[in-house]
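Along the sequence shown, residues carry numbers from 1.
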Amino acid sequence: MLWSDPEDEPPEELRETQAMLRRAGIVLALSMILVVLVLGVP
């Protein structure tokens with residue numbers, strides 16, 4: 001790769017989408033843990 005090549009950054013739209021998916025994944029994982037705790041405790 002040459003020093004004059006442009007940086008390989010994703011467009012702003014894609015970065016926002018990735019951040020949103022990451023947040024959604026974290027929320028989903030936390031909610032699943034909560035559900036398991038609630039259902040697992042008699």
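Alongside L37, the hydrophobic cluster contains I33 (criterion: ILVMFWY side chains under 4.5 Å). Taking Ile, Leu, Val, Met, Phe, Trp and Tyr as members and joining any whose side-chain heavy atoms lie under 4.5 Å apart, directly or through other members, L21 forms no hydrophobic cluster with any other residue.
With sequence neighbours left out, the side-chain contact (heavy atoms from CB on, under 4.5 Å) criterion links I26 to L30.
Enclosure of atom CD in E13 is not indicated, since only 12 or fewer non-hydrogen atoms of other residues, nucleotides or ligands lie within 6.0 angstrom.
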